[in-house]
Visitor: 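Would you mind keeping the following structure in view while I ask a few things?
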Amino acid sequence: MIKAVRGTRDLLPPDTALWNFVESAVRDVFRAYNFQEIRTPIFEATELFARGVGEDTDIVSKEMYSWVDRGRAESDRGQSLTLRPENTAGVVRAYIEHKLWDRGLNKLYYIGPQFRRERPQKGRYRQFFQIGAEVIGPASAGSESPARDAELLEMLATLLDRLGINAWTLELNSVGCPQDRAAFNEALRKALEPVVGQMCADCQRRAVSNPLRVFDCKVPEDQSIIATLPRISEFLDEKCESHFEAVKEILTKVGVPFSLNDRLVRGLDYYTRTAFEFTHGALGAQNAILGGGRYDGLSEALGGPAAPGIGFAIGEDRLVMSLQESAESVLRKPAVYIAPLGSGMNGEAARLARELRRHDVIAELGDETFRLKKSFEAATKAGAKYILIAGENEVKADAFALKNLATGEQISVPRTDLPQRLRE
Ligand code: HAM
């Protein structure tokens, strides 16, 4: 038997209803904050992620699905392509390619699959879905303002609250600008020198190439050493410090609670200044429901003009998982199962179903070859609230027997009253 590839999965009903519910709720919120949708390709040139996300990150060094796409002619050189492990680099590439700075401040969102070769476990997949947003534009359009950071975080708080997810924590940090980072990296390098020999092979590599990435280490034995390392908060220059203060001030003003975490550096190299994660207690080990931050130098790193930006991505799989318990109210079952009774009644039943569905009644349609008992079984299996019998007598009388499957109560309802009765 051929099965879905390890780390990928099928989303089946009724869960798909939950996914649709989430997507429609987030689209509503995006609309209220004046975000518009962008769709970028699912694969890009490998170089985009190497330059954008960073060679030393786990994502680029270990987790990408890359292949060489053959040239059209034997003589053409192949191009290395990669299934996108994230969508920020793609959006910034599109920003540059389409000169979106002409539009001033761009507020873009996306919903779609991403791919990382991680070890699969609960809440971690190799194909997973992100709902993300990016605010990007020239500094003259206000893209650098702490007001944008605060607005984005407030939108996320609103979104999670609206979905009924209230056990969240916003972890907030500033990772400073490139100069702060250089000083911090230097201090880390010094602090690591005498101890790195006791750390894992990855950390030994990171200590040389990109010491900041030591904070991505998950090896339990290394954690006591990592805890003694310098903190980025001690290296922020005045401008980064006051930018961060302004973000916190607005958040406090609008009543979005946050918890400061100066160990939060995020696993991608493009971050500057504000970095954040929302965690959720009920999710277990993979408790980051979303993450994001500012990336003021990313456009330039990809060959574009200066374009400060900030964004986030929600792990949709995890978001849906945290909603699963309260799912009942979202899953809409058929209001009515229409059972044609006797030969020649399929047409009458179809006409009735057409009328009801035009009134937004969820209707399931049976078949005239079913005996009444089988129709009742099918109606129960479909989870319908009512069964409606469409037999010759009913059609003649233009009134139909409607039976409540839970209570067993049965009444005769004139055709014209059916939509209203069934929408109750
Ligand atoms: P990220 O932290 O790598 O950030 O991913 C964001 C979220 O995607 C995570 O918090 C998690 O919920 C979900 N996620 C990541 N990997 C997996 C996986 N293997 N299985 C299930 N869910 C996963 C980014 O991707 C940045 N592009 C976010 C961003 C946008 N920063 C600025 N703009």
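Counting convention: from 1, in listed order, for ligands and their atoms alike. The structure displayed is predicted, hence computed values, not measured ones.
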Visitor: Counting each atom of ligand 1 from 1 as listed, which ones have a heavy atom of Gly292 under 4.0 Å away?
Guide: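 With Gly292 as reference, the close atoms of ligand 1 come out as 31 (N).
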
Visitor: Would you mind telling me if ligand 1 is within reach of the side chain of Phe312, the backbone, both or neither, using heavy atoms under 4.0 Å?
Guide: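 Phe312 to ligand 1: backbone contact only, side chain stays beyond 4.0 Å.
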
Visitor: If you have a sec, work out which protein heavy atom is nearest atom 30 (C) of ligand 1 and how many Å separate them, to one decimal?
Guide: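 Here the closest protein heavy atom is Thr88 OG1, 2.9 Å.
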
Visitor: Going by the atom numbers of ligand 1, which of them fall below 4.0 Å from some non-hydrogen atom of Leu290?
Guide: 10 (O)

Visitor: Can you tell me if Tyr271 has a non-hydrogen atom under 4.0 Å from ligand 1?
Guide: yes

Visitor: Before giving the answer on side chain to side chain donor-acceptor pair (under 3.5 Å), spell out for Asp56 and Ser61 the whole-Å C-alpha distance, their side-chain angles and the decisive distance to 0.1 Å.
Guide: CA-CA 6 Å; Asp56 299 312; Ser61 65; over 6 Å; no

Visitor: Where the closest heavy atom to atom 19 (N) of ligand 1 is concerned, which of Glu118, Glu86, Arg119 has it?
Guide: Glu118

Visitor: Test Trp101 against every option in Ser143, Ser140, Pro305 by the side-chain contact (heavy atoms from CB on, under 4.5 Å) rule and name the one that passes.
Guide: Pro305

Visitor: Is it the side chain (CB and beyond), the backbone, both or neither of Ile289 that lies under 4.0 Å from ligand 1, heavy atoms counted?
Guide: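 Backbone only.
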
Visitor: Any heavy atom of Gly132 sitting closer than 4.0 Å to ligand 1?
Guide: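 The answer is no, since Gly132 has no heavy atom less than 4.0 Å from ligand 1.
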
Visitor: Give the residue, atom name and distance (to 0.1 Å) of the protein heavy atom nearest atom 9 (C) of ligand 1.
Guide: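 Of every protein heavy atom, Ala288 O, 4.1 Å lies nearest to atom 9 (C) of ligand 1.
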
Visitor: Distance check, rounded to the nearest 0.5 Å: Ile314 atom CD1 versus Leu160 atom CG?
Guide: 6.5 Å

Visitor: With the threshold set at under 4.0 angstrom, would you say Tyr270 reaches ligand 1 through any of its heavy atoms?
Guide: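 Yes.
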
Visitor: Would Cys217 and Ile226 count as a side-chain contact (heavy atoms from CB on, under 4.5 Å) if you check the C-alpha gap in whole Å, the side-chain angles of each, and the deciding distance to 0.1 Å?
Guide: CA-CA 9 Å; Cys217 178; Ile226 292 171; 3.8 Å; yes

Visitor: Assess whether ring-ring contact (aromatic ring centres under 6.0 Å, His included) is satisfied between Phe35 and Tyr109, documenting all intermediate values.
Guide: CA-CA 6 Å; Phe35 277 74; Tyr109 79 88; 7.4 Å; no

Visitor: Write out the residue and atom name of the closest protein heavy atom to atom 7 (C) of ligand 1, then the distance separating them to 0.1 Å.
Guide: Ala313 O, 3.5 Å

Visitor: Out of the candidates Asp149, Asn173, Asp296, only one should pair with Thr274 under the side-chain hydrogen bond (donor to acceptor under 3.5 Å, both in side chains) rule; please name it.
Guide: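 By the side-chain hydrogen bond (donor to acceptor under 3.5 Å, both in side chains) criterion, Thr274 pairs with just one of Asp149, Asn173, Asp296: Asp149.
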
Visitor: Does the distance from a Lys or Arg side-chain N to an Asp or Glu carboxylate O, for Arg27 and Glu37, drop under 4.0 Å?
Guide: yes

Visitor: Whether Arg318 and Glu316 form a salt bridge (side-chain N of Lys/Arg under 4.0 Å from carboxylate O of Asp/Glu) is what I want to check.
Guide: no

Visitor: Output yes when Glu409 and Lys403 qualify as a salt bridge under the 4.0 Å nitrogen-oxygen rule, no when they do not.
Guide: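 Answer for the salt bridge query: no.
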
Visitor: Looking only at protein heavy atoms, which one is nearest to atom 13 (C) of ligand 1, and how far off is it?
Guide: Gly315 CA, 3.5 Å

Visitor: With ring centroids as reference points, do Tyr295 and Tyr271 lie under 6.0 angstrom apart?
Guide: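 Ring centres of Tyr271 and Tyr295 not closer than 6.0 Å.
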
Visitor: For Gly123, is the nearest heavy atom under 4.0 Å from an atom of ligand 1?
Guide: yes

Visitor: Is Tyr125 in polar range of ligand 1, meaning some N or O pair under 3.5 Å apart?
Guide: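 Min N/O separation from ligand 1 is below 3.5 Å for Tyr125.
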
Visitor: Does only the side chain of Glu134 get under 4.0 Å from ligand 1, or the backbone, or both, or neither? Count heavy atoms.
Guide: side chain

Visitor: At what distance is the nearest protein heavy atom to atom 23 (C) of ligand 1, and which residue and atom is it?
Guide: Phe128 CD1, 3.4 Å

Visitor: Of the listed options (Arg266, Gln130, Arg117), which comes nearest to atom 25 (O) of ligand 1 when hydrogens are ignored and any heavy atom counts?
Guide: Gln130

Visitor: Short list, please: which atoms of ligand 1 are under 4.0 Å from a heavy atom of Leu268?
Guide: 3 (O), 4 (O)

Visitor: For the residue pair Gly104 and Asn106, what are the closest heavy atoms and their distance?
Guide: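 Looking at all heavy atoms of both residues, the closest pair is O-ND2, 3.2 Å.
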
Visitor: Heavy-atom pairs closer than 4.0 Å: do any link ligand 1 to the side chain of Arg116, the backbone, both, or neither?
Guide: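 Side chain only.
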
